Amino acid sequence: MSEPLPLHRFEEFIPLAEEDRERVRTLGEPPASFPRHAVLRREGEAPRYVYLLLSGWVGASILLPGGERQIVKFHLPGDMLGTPSMCLAQAADTLTALTAVTISRVPLAAFGTVFASSPRFAAAMFLSVQRERVALMDRLAAIGRTPAIARVAALLLDVEERLRALGAAGADGFDMPLTQEQIGDHLGLTAVHVNRVFRQMVESGLVSRERQRFVLLDPARLRSMSARQQRVMTRDAGWLLGETSV
């Protein structure tokens, strides 16, 4: 790949051997770039690929019966897109570039070959899927039971944490290149409501904001109001590979 694939998502729980890292790096087709708003795959299409996101942001969305869009996931570099639809005859969601992006398509057969040939990679993917499941559980609980400011706080904390793992967030903040409409589509709010919450957060000294640049000034208060679960990820996954801890 001409553009390096961030590997942090593949090694969240289990360090991969160098040969496994090389398998992942060469897993996909040559990188392809797409402009903002490009549709990478539509809901209902045959899921023939998964996608490695090398750069940029992608939204996964589902069309509701009334024609409205629900964004169910914001994908960041290093994410593997489209995996939930691997068990379906038709893709469950639409993948849309929210910024200019670079991706590498991975045919399902190629993914299956690596999955079968590397138990360590398969174990890492299994645990990564469980983390996504926990995140979805927490988000469902939050959407159904928390006010707007708590939802926005949880999103800011989640994005900051994920960007920090990429090395794209620090004491000077992070860029979140999302429109207020996109944030609203994700959190079940209107764009006007999202704007009102951002103003409230700035006035309360919770965050500073300069266009799409955010600094979390009081993470402890944000965590408290978000009711976001502080999950501690395991780093002892030897049991999954039949290894015995001493």
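Quick caveat, the model's predicted, so the values are computed rather than measured.
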**Q** For residues V58 and L98, determine if any side-chain heavy atom of one lies less than 4.5 Å from a side-chain heavy atom of the other.
**A** no
**Q** State, with a plain yes or no, whether a side-chain heavy atom of V159 is found less than 4.5 Å away from one of W57.
**A** yes
**Q** Below 4.5 Å, heavy atoms only, C-beta onward: do F121 and F111 meet side chain to side chain?
**A** yes
**Q** Measuring from M176:CE to T179:OG1, what's the distance to the nearest 0.5 Å?
**A** 10.0 Å
**Q** Does E210 CD have over 12 foreign heavy atoms under 6.0 Å away?
**A**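 Incorrect, the count does not exceed 12.
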**Q** Can you confirm whether S128 sits close enough to M80 that some side-chain heavy atom of one is under 4.5 Å from a side-chain heavy atom of the other?
**A**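 They are not in side-chain contact.
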**Q** Taking only Lys NZ, Arg NE, NH1 and NH2, and the carboxylate oxygens of Asp or Glu, determine whether D172 and R213 approach each other closer than 4.0 Å.
**A** yes
**Q** Report yes if the distance between the aromatic ring centroids of F214 and F198 is under 6.0 Å, otherwise no.
**A** yes
**Q** Provide the full list of salt bridge (charged side-chain N to carboxylate O under 4.0 Å, His left out) pairs with a residue in residues 61-84, sequence neighbours left out, each pair given once.
**A**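 The answer is R9-D79, R69-D185, K73-E132, D79-R162.
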**Q** Where do H8 and G78 come nearest, in terms of heavy atoms and distance?
**A**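 Taking H8 first and G78 second, the nearest heavy atoms are CE1-CA, 4.2 Å.
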**Q** Could you tell me if the side chain of R221 sits less than 4.5 Å from the side chain of S204, heavy atoms only?
**A**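 Result yes, sub-4.5 Å side-chain heavy-atom pair found.
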**Q** Less than 4.0 angstrom from a charged side-chain N to a carboxylate O is my criterion; do R25 and E22 meet it?
**A**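 Salt bridge between R25 and E22, a charged N being under 4.0 Å from a carboxylate O: yes.
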**Q** Can you list the steps and then say if R164 with E160 is a salt bridge (Lys or Arg N to Asp or Glu O under 4.0 Å)?
**A** CA-CA 6 Å; R164 190 176 290 274; E160 194 272 345; 2.3 Å; yes
**Q** Please say whether more than 12 non-hydrogen atoms of neighbouring residues, nucleotides or ligands are located less than 6.0 Å from CD in E181.
**A**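 Check fails, neighbour count at 12 or below.
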**Q** Stepwise, does the side-chain contact (heavy atoms from CB on, under 4.5 Å) test hold for T83 with V129?
**A** CA-CA 9 Å; T83 55; V129 168; 5.6 Å; no
**Q** Report yes if the side chains of E43 and S85 come closer than 4.5 Å at any heavy-atom pair, otherwise no.
**A** no
